[in-house]
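Following: one structure in structure tokens, then a few remarks.
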Amino acid sequence: MTNSLGLAGKRVLVTGAASGIGLETARVLAEEQAVLILMDRDEAMLAGIARELGAVASAGGDVTREEDCDAMVAKAAVAAGGLDGLVHCAGISDRVAKAFDIDIDEWQHIVDVTLRGTFLACRAAARIMVPQQRGSIVAMSSIRGLIGSPRRHAYGPAKTAVAMMAKNLACEWSLSGVRINAVAPGFIRTPMTDRLIAEGKLDEGLLIDRTPMGRLGSPLEIARATAFLLSDWSSYITGVTLPVDGGWVAYGGAGPVEAH
Ligand code: NAP
């Protein structure tokens, strides 16, 4: 699908690019011949990935730190000569615990990475995009932010807030030519999901039975939806959160889909 989305030459910063959805999105954008700048916590690992994908720069940092977000955007703009897009994938899962068992500092950390990190990254990118009257941002929400779940008391509400942030910022920036949307992945096979399955916090069999499409999703399926929202193919779409979940949110029945 080379060049099909018109992303060739677009200068795109991808956060969380060392793993999972961010890494796969960077791969898809590299195939589309976008000019890439990659960001993640692990700068050493990222440098190898940046070389492999032909990125023009990579930046280590922590998205909860305003100075790191500003620095990654500044580095991107210098290395690429500007910035047309941001895909914000940096994120963490929570401990998956009942409300009474949650340590509030741990809770705060999840909220900070998810909510504060998304706001800081989007705002830093928009400081370049709004004056140039052009840009597209895609953030990561989750189906956990669209439906209620027990034991996801930091991650779920923070992901709901990411969806609302996309709406609010779209209302503020659209007249400046900057679009912002979010993707709400369902259960996707990434290191984050594998870890939760290995720790017994997710039951893979139950997830498959509860998903209308009868399987987990792949990072590539999220990456392609993300690339669409980033590109001009979605030129009249802003402020939306798109579930990419094999029908998980659509299903309202009780128990396995097959039982109906
Ligand atoms: P992943 O494989 O763990 O990748 C996330 C990347 O973000 C990791 O490289 C991680 O580094 C990095 N990161 C974490 N905190 C950071 C910080 N403070 N500053 C900079 N980088 C940071 O996770 P994923 O499954 O691809 O998830 C990507 C996004 O999609 C997340 O926002 C996640 O909530 C969302 N999502 C995923 C799923 C799913 O099923 N996988 C479902 C719904 C939503 P470390 O490894 O060092 O932490």
Side-chain angles (χ1 to χ4, degrees), residues 13-28 38-50 58-73 86-96 108-122 124 138-147 149 152 154-163 165-166 182-199 201-202 204 207-208 211 215-223 225-226 229 241-246 248-249:
L13 169 62
V14 181
T15 72
S19 179
I21 291 168
L23 174 57
E24 196 60 34
T25 302
R27 284 202 184 109
V28 164
L38 308 182
M39 187 272 186
D40 208 298
R41 240 184 340 207
D42 188 338
E43 197 163 7
M45 187 194 283
L46 201 58
I49 293 168
S58 60
D62 178 343
V63 295
T64 65
R65 292 166 56 91
E66 186 170 16
E67 57 270 37
D68 288 7
C69 288
D70 292 347
M72 75 179 177
V73 166
L86 167 70
V87 178
H88 179 61
C89 295
I92 52 175
S93 178
D94 58 1
R95 200 162 64 77
V96 189
Q108 187 66 57
H109 179 60
I110 311 293
V111 171
D112 281 350
V113 173
T114 309
L115 185 51
R116 178 185 164 101
T118 302
F119 184 72
L120 288 174
C122 294
V138 184
M140 286 297 140
S141 180
S142 166
I143 57 167
R144 297 288 191 194
L146 303 180
I147 55 167
S149 315
R152 307 305 294 265
Y155 185 84
K159 289 298 193 186
T160 307
V162 169
M165 195 185 299
V183 171
F187 296 96
I188 310 302
R189 275 240 95 102
T190 68
M192 182 186 279
T193 305
D194 289 342
R195 220 163 25 240
L196 292 171
I197 291 172
E199 290 169 2
K201 291 173 177 165
L202 285 178
E204 188 175 358
L207 297 181
I208 289 170
T211 304
R215 62 176 177 83
L216 303 193
S218 72
L220 180 60
E221 289 172 308
I222 303 301
T226 300
L229 287 175
T241 292
L242 176 67
V244 184
D245 65 351
W248 180 278
V249 168

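In listed order, ligands and their atoms are each counted from 1. In what follows, residues are counted from 1 in the order of the sequence shown. What you see below is based on every heavy atom in this structure, not just the backbone, and it leaves out hydrogens, waters and symmetry mates.
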Fill in: Student check: side-chain heavy atoms of H88 and V63 closer than 4.5 Å
yes
Worksheet item: Which residue supplies the protein heavy atom nearest to atom 32 (O) of ligand 1, what is that atom called, and how far is it?
Response: K159 NZ, 2.9 Å
Item to complete: Would you check if F187 and I143 make a side-chain contact, meaning some heavy-atom pair closer than 4.5 Å?
Response: yes
Item to complete: Mark yes or no for whether S141, through its side chain, and V183, through its backbone, hold a donor-acceptor pair below 3.5 Å.
Response: no
Worksheet item: What do you reckon, does R144 put a non-hydrogen atom under 4.0 Å from ligand 1?
Response: no
Worksheet item: Can you list the atoms of ligand 1 that are under 4.0 Å from a heavy atom of D40?
Response: 6 (C), 7 (O), 8 (C), 9 (O), 10 (C), 11 (O), 12 (C), 21 (N)
Practice prompt. Give a yes/no on ligand 1: does S141 have at least one heavy atom closer than 4.0 angstrom to it?
Written response: yes
Worksheet item: In the protein, what heavy atom is nearest to atom 24 (P) of ligand 1, and what distance, to one decimal place, separates them?
Response: T190 OG1, 3.8 Å
Discussion item. Give the atom numbers and elements of ligand 1 that come within less than 4.0 Å of a heavy atom of G61.
Written reply: 19 (N), 20 (C)
Without placing hydrogens or testing angles, list every side-chain donor-acceptor pair under 3.5 Å for residues 41-50, not counting sequence neighbours.
residue: D42; atom: OD1; partner: A44; partner atom: N; Å: 3.3
residue: D42; atom: OD1; partner: M45; partner atom: N; Å: 3.1

Worksheet item: When you measure from the side chain of K201 to the backbone N and O of T193, does any donor-acceptor pair fall under 3.5 Å?
Response: no
Worksheet item: What protein heavy atom is closest to atom 27 (O) of ligand 1, reported as residue, atom name and distance in Å?
Response: M192 CE, 3.9 Å
Item to complete: With heavy atoms under 4.0 Å as the rule, classify the contact between T193 and ligand 1 as side chain, backbone, both or neither.
Response: side chain
Worksheet item: Which of the atoms of ligand 1 are close to C89, meaning less than 4.0 Å from one of its heavy atoms?
Response: 28 (C), 29 (C), 31 (C), 32 (O)
Worksheet, complete the sentence: Looking only at non-hydrogen atoms, the one of S19, A59, A90, G91 nearest atom 14 (C) of ligand 1 is G91
Worksheet item: Quick one: which ligand 1 atoms are inside 4.0 Å of a heavy atom on I21?
Response: 26 (O), 30 (O), 37 (C)
Worksheet item: Got an N/O contact under 3.5 Å between I188 and ligand 1?
Response: yes
Item to complete: Could you tell me whether a side-chain N or O of T241 sits under 3.5 Å from a main-chain N or O of A184, the two making a donor and an acceptor?
Response: no
Worksheet item: Below 4.5 Å, heavy atoms only, C-beta onward: do T15 and L86 meet side chain to side chain?
Response: yes
Worksheet item: Does ligand 1 have an atom that lies less than 4.0 angstrom from a heavy atom of D62?
Response: yes
Response to the item:
For I21 and P185 the tightest heavy-atom approach is CD1-CG, 4.1 Å
Fill in: Per-atom contacts, ligand 1 versus I92 - under 4.0 Å to a heavy atom
14 (C), 15 (N)
Worksheet item: Are the side chain of D112 and the backbone of T64 linked by a donor-acceptor contact shorter than 3.5 Å?
Response: no
Discussion item. Between ligand 1 and G117, can you find any atom pair, the residue atom being a heavy atom, that is separated by under 4.0 Å?
Written reply: no
Item to complete: Would you mind finding which of S142, A182, G20, G186 brings a heavy atom closest to atom 42 (C) of ligand 1?
Response: G186
Worksheet item: Quick one: do R189 and E24 make a salt bridge, cutoff under 4.0 Å?
Response: no
Worksheet item: Are the side chain of T211 and the backbone of W248 linked by a donor-acceptor contact shorter than 3.5 Å?
Response: no
Response to the item:
A student checking ligand 1 against Y155 at a 4.0 Å heavy-atom cut-off should list atoms 33 (C), 34 (O), 35 (C), 36 (N), 43 (C), 44 (C)
Fill in: Interatomic distance, I188 atom CD1 to D194 atom CG [nearest 0.5 angstrom]
11.5 Å
Worksheet item: Does an N or O from V63, backbone or side chain, lie closer than 3.5 Å to an N or O of ligand 1?
Response: yes
Worksheet item: Does P219 have a non-hydrogen atom less than 4.0 Å from ligand 1?
Response: no
Worksheet, complete the sentence: In this structure, atom 46 (O) of ligand 1 is nearest to the protein heavy atom R41 NH2, 4.5 Å
